[in-house]
Participant: 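I have a structure here, written as structure tokens, and I will follow up with some questions on it.
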Amino acid sequence: MNIPFLDNLRKRRVPDSGTALMSAQEEDPQGIAQLLSECELLRARAAAAGIGLDDSTASLEALDQMAPRWRDDPEEIPWLGNDAGLYLGTVIVRTVPGAVWQVWPDGRPVVRLASGREVDVVAAGQQWAADGAPELSRRYAEVAEG
């Protein structure tokens, strides 16, 4: 059976989210950095705890001291962990000379240091949200050392 609009749909290739994010990073790295720094859930939980997130290392220390009430909701842990990782990456990119966001082909954002080393900040944030260790401020210190 020949259905022309189905043929057109089959020919149309929609890039996956990883490819789209990689392309956007190449075209507008500052826009991607801004997008990755939003971290809405983390910012809401921090604000509720009286913590202001100003993209500083002091704010990472404050997050480390926050009561982990999100652990009562297993569905929230991965979301908050993702945001915590993106926030950690944002602080690194804004304070460590030469650090930039890099998007892997699968769409996962990492931080690339001037040395070329890549840091999977999302995995670090998820581990922090689930276990509380290593602390975000400690992870930052390890990365900042080089």
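Side chains are part of it too, since the values below use all heavy atoms of this structure and drop only hydrogens, waters and symmetry mates. Just so you know, residue 1 is the first one in the sequence shown, and it goes up from there.
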Participant: Looking at every heavy atom in both S37 and R94, which two are closest together, and how far apart are they?
Facilitator: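 Here S37 and R94 meet closest at OG-NH2, 3.6 Å.
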Participant: List the atom of D83, the atom of L41, and the distance in Å for their closest heavy-atom pair.
Facilitator: OD2-N, 2.9 Å
Participant: For L136 and L88, which heavy atoms make the closest approach, and how far apart are they?
Facilitator: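 Between these two residues, the closest heavy atoms are O-CD1, 3.7 Å.
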Participant: Step through the shown structure and confirm whether more than 12 heavy atoms of other residues, nucleotides or ligands are within 6.0 Å of CD on E118.
Facilitator: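 Yes, the 6.0 Å shell around CD holds more than 12 heavy atoms from other groups.
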Participant: Apply side-chain contact (heavy atoms from CB on, under 4.5 Å) to A44 and list each qualifying residue two or more places apart in sequence or on a separate chain.
Facilitator: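 Result, side-chain contact (heavy atoms from CB on, under 4.5 Å) vs A44: none returned.
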Participant: Answer yes or no: is there a side-chain heavy-atom contact under 4.5 Å between L86 and P109?
Facilitator: yes
Participant: Are side-chain heavy atoms of L36 and Y87 found at a separation under 4.5 Å?
Facilitator: no
Participant: Nearest heavy-atom pair of W70 and L80: which atoms, and what distance?
Facilitator: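 Looks like CD2-CD2, 3.0 Å.
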Participant: Please check if atom CZ in R138 has more than 12 non-hydrogen atoms from other residues, nucleotides or ligands closer than 6.0 Å.
Facilitator: no
Participant: Charged N to carboxylate O under 4.0 angstrom, R45 versus E76?
Facilitator: yes
Participant: Salt bridge or not between R139 and E142? Use side-chain N to carboxylate O under 4.0 Å.
Facilitator: yes
Participant: Just verifying a value: how many Å separate I51 CD1 and L60 CG, rounded to the nearest 0.5 Å?
Facilitator: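 So the CD1 of I51 and the CG of L60 are separated by 11.0 Å.
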Participant: Can you tell me how far apart CD (E61) and OH (Y140) are? Round to the nearest 0.5 Å.
Facilitator: 10.5 Å
Participant: Minimum heavy-atom separation for I77 and A129, please, with both atom names.
Facilitator: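 Smallest heavy-atom distance, with atoms named: O-CB, 3.7 Å.
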Participant: Can D64 and S137 be said to form a side-chain hydrogen bond (donor to acceptor under 3.5 Å, both in side chains), step by step?
Facilitator: CA-CA 7 Å; D64 289 335; S137 59; 2.6 Å; yes
Participant: Heavy-atom distance under 4.5 Å between the side chains of L53 and L63, does that happen here?
Facilitator: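 They are in contact (side-chain heavy atoms under 4.5 Å apart), so the answer is yes.
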Participant: Looking only at heavy atoms, which two atoms of V93 and V100 are closest? And how far apart?
Facilitator: CG2-C, 3.9 Å
